[in-house]
Structures are given as C-alpha cells and as structure tokens.
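Written out below as structure tokens is the structure these notes cover.
Atoms within a ligand are numbered from 1 in the order they appear, just like the ligands themselves. Just so we're clear, the structure is a prediction, and the values are computed from it rather than from any experiment.
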Amino acid sequence: MKNFVERAGLGDILEKIEAGERLSCSDGVRLYGSDNILALGYMANLVRERINGDKTYFIYNQHINYSNICTNLCKFCAFGKDKEHEQAYEMDLETVKQKVRDRLDEPIREIHMVGGIHPDLPFSYYTDLLKGIKEVRPDVHIQAFTCVEIAHLAGLAERTVGATLEILKDAGLGSIPGGGAEVFAPRIRELTCEKKLPGKEWVEVAKVAHKHGIHTNATMLYGHIETMVERVEHLDALRCAQDETSGFLAFIPLAFHPKNTEMSDISRTTGIDDLKNIAVARLMLDNFPHIKAYWVMIGPKMAQIALSFGADDMDGTVKEEVITHMAGAETEQAIGSTTLVKLIKESGRVAIERDTLYKTIQVHN
Ligand code: V47
C-alpha cells in the first residue's frame with residue numbers, strides 16, 4: 001500500500017501521517033487535488049483506526065425544526081423562507097412538545113433542534129422551547145441552535161454570547177450542532193449568504209461555548225462554488241480553534257443539495273467528492289475526535305463506504321429531516337437502528353450506540 005500511495009505522489013504525506021505529524025494547508029490542497037481516492041482512503045483509515053479503532057457510533061435522535069422563517073435567505077438553502085411566504089411556518093410551544101410526546105415510546109436520547117433567523121420571536125420563545133422539551137422528556141439531551149442562531153439570541157437577550165449561553169444552559173441546552181458554518185471564506189459568504197454571521201464570528205461563538213463547558217459540532221457545506229483552498233482554510237480555522245479549546249466533538253461535511261435553491265444550476269456532488277471530503281477532513285482535523293458521515297446527505301450506502309475512508313460516526317435515526325429534503329434529498333427522512341447496525345457491521349466495524357457526548361450506551365457485537 002505504501003508503494004501505491006507513493007505512486008500517487010503522496011508518499012511524503014504518508015510519512016507525516018505515520019509519524020503523527022500535522023499536515024500543512026498545502027498538504028490539504030494536494031490531497032483534495034488527488035484523484036487517487038484509495039490512497040486518500042488508506043491514509044484517512046490509518047488515522048481513523050488510530051483514534052477510534054473499529055468503533056463506529058450512532059445515536060437515537062429526533063430532529064425538530066421549530067420554524068423555517070429566516071431573514072438570511074441564503075442562496076444555497078431551500079428551507080429558509082420569508083415571513084410572508086406561503087410555506088413559512090413557526091411552531092408554537094405545544095406543537096413542539098407534542099412532537100416530543102409522539103416519540104416517548106422510542107429510546108430517543110438527543111433532540112436536534114434548529115430553525116431560521118426569525119425576525120420577531122422573543123428570547124423567551126427559545127428558553128420556553130428548551131424548558132418545554134425537558135418537561136416532556138427530562139432525560140433527553142437537547143442539541144440546539146447553531147452558532148448563527150446563538151449570536152442572534154444574544155442580540156435578543158441584549159447580553160454577551162457567554163451570558164446568553166448560561167441562560168440557555170439553565171433552560172436545558174446541552175450542546176450546539178455544527179450548522180451555519182457553510183464555508184468561512186468571506187468571498188463565499190458574500191456570494192451565497194451575505195446576511196449570515198461572518199465565518200470568524202461563527203468560530204468565536206463556538207469558542208465561547210466551549211469555554212462555558214458547552215460542546216459543539218462543526219460542519220462545512222461543500223460542492224458549490226468553493227475552491228479547494230477555501231475548503232482547506234475552513235478546516236484549518238476549525239483545527240486552530242480546537243487547539244485552543246478542545247470543545248468540538250465532531251466534524252460533519254455537508255454535501256450541497258441544489259434543488260429548490262437559488263443555486264439550482266449546480267450539479268449534485270459526486271461519490272468521489274463525498275469520500276474525499278470525509279478523508280481530507282479526517283487527515284487535516286487531527287485534533288477532532290469524530291468525523292461523521294451524515295447518511296441523510298450522502299445516502300446510507302455512501303455513508304457505509306465512508307466508514308473505510310475516515311468516518312467513525314453515522315449520526316443517527318434522525319426522524320423527520322427537513323432541511324436537506326426541501327433541497328431535493330432522495331434519502332429517507334429517518335432510518336431504523338437495526339439498519340444502522342447492519343450497515344456498520346457489514347463494513348467490518350463495531351456498532352456502538354452512543355449518547356451525544358459519545359458515552360457508550362450499547363455495543364452491538
Ligand atoms: O446549517 C442548508 C446546511 C445545515 C443546504 O451537528 C444545506 O451533528 C446541503 O448542520 N444542501 C443543517 N446542506 C444540517 C446540519 C447538521 C446535520 C446533521 C448533523 C449535524 C450535527 C448538523 O445544512 C445548515 C446548512 O449549513 N444546508 N442548505 C443544502 N441545500
């Protein structure tokens with residue numbers, strides 16, 4: 001295999017990986033530029049097995065999107081709608097509580113809850129959501145509000161991000177999902193999501209959360225107009241932040257779905273690019289404990305293969321995914337744990353049901 005990687009022109013990168021040395025940004029750009037997916041996969045798998053062995057995680061989770069009303073209206077997003085749009089919605093507290101009640105007979109451990117940047121819901125709406133969910137399901141971990149929403153909530157609360165997070169934590173917030181990161185490069189934000197929180201501020205919010213003991217995830221939306229250099233700069237910004245705080249749990253590459261968006265002329269990502277984003281993330285993000293293959297976006301079959309290309313987590317049962325399905329995802333909106341375990345075992349890995357903070361709940365041998 002070493003010869004094979006050398007013939008792909010990546011022998012020096014393999015040497016660094018074997019020595020446990022950090023890859024440079026120019027290494028990252030070369031990895032993205034390589035068309036030898038097996039060489040990338042071999043190297044990413046070395047790191048994956050060094051960090052996580054054969055362990056492959058999943059969680060019983062439920063997604064709730066409390067509202068799609070959004071003032072940002074990003075060009076790549078089919079979910080966010082103007083308040084006057086006929087498909088605009090916002091759930092009242094009782095509706096959200098009912099959604100949680102509806103699944104009380106399922107062993108859901110995490111509720112993943114995000115929405116748009118709503119122009120006029122008050123801060124109390126968000127704390128009531130957290131408290132209401134906890135009333136119905138006290139043991140559930142709430143992973144809610146992207147760093148973009150957190151910055152918005154701090155504005156509503158007229159407090160610092162840190163003080164706002166303390167209030168949200170008291171109301172039931174457990175951790176923060178990785179959405180809203182998109183691609184940090186100002187060029188990309190100007191062209192695709194000019195109203196959104198700038199990339200630097202997204203990273204600042206994440207770091208403040210970590211300093212307040214709140215773990216977060218991180219994502220990157222790939223497969224639109226970003227360059228390979230911009231992808232690597234995004235990963236490097238996350239790696240630098242993680243060096244400072246160690247608060248990120250997982251990185252999730254998000255494959256762009258163009259349907260029903262203002263960027264619908266762009267083609268869907270290819271299988272090779274999906275695998276490359278998993279592999280390069282695993283290689284560059286040497287300080288991230290977990291890389292997720294999000295089956296909703298790349299499909300369960302590709303997610304299964306990604307487990308040999310650097311990924312060690314398949315996300316979870318999900319239940320009612322909306323954001324990607326509005327943008328044309330053809331995957332199911334939920335998946336059974338039996339299917340997840342089968343996909344993981346078939347790829348020669350050990351399936352582990354986890355909680356949000358990666359504590360083992362059950363090993364499926
Ligand atoms: O914030 C928006 C992205 C995110 C599209 O933290 C799109 O564990 C693809 O962040 N095509 C929401 N992506 C999903 C997300 C997520 C999912 C699973 C797990 C975790 C985690 C986080 O999806 C948005 C945005 O970045 N997005 N539109 C689109 N058309």
* Asked: Do R109 and T356 come close enough that some side-chain heavy atom pair is under 4.5 Å?
  -> no
* Asked: Can you find a heavy atom in the side chain of D313 that is under 4.5 Å from one in the side chain of R354?
  -> yes
To which protein heavy atom is [atom] closest, and what is the distance rounded to 0.1 Å?
{"atom": "atom 18 (C) of ligand 1", "answer": "Y294 CZ, 3.3 Å"}
{"atom": "atom 19 (C) of ligand 1", "answer": "D315 OD1, 3.6 Å"}
{"atom": "atom 12 (C) of ligand 1", "answer": "I323 CD1, 3.8 Å"}
{"atom": "atom 29 (C) of ligand 1", "answer": "F76 O, 3.5 Å"}
{"atom": "atom 22 (C) of ligand 1", "answer": "H112 CE1, 3.7 Å"}
{"atom": "atom 3 (C) of ligand 1", "answer": "L254 CD1, 3.8 Å"}

* Examine F145 together with Y126 and report whether their ring centres are nearer than 6.0 Å. => yes
* In terms of side-chain geometry, is the basic nitrogen of D286 or R22 positioned less than 4.0 Å from the acidic oxygen of its partner? -> yes
* To do: Heavy-atom distances under 4.0 Å are what count here, so tell me which part of P258 touches ligand 1: side chain, backbone, both or neither.
  => neither
* Under the 6.0 Å and 45° cation-pi test, does R231 pair with Y222? -> no
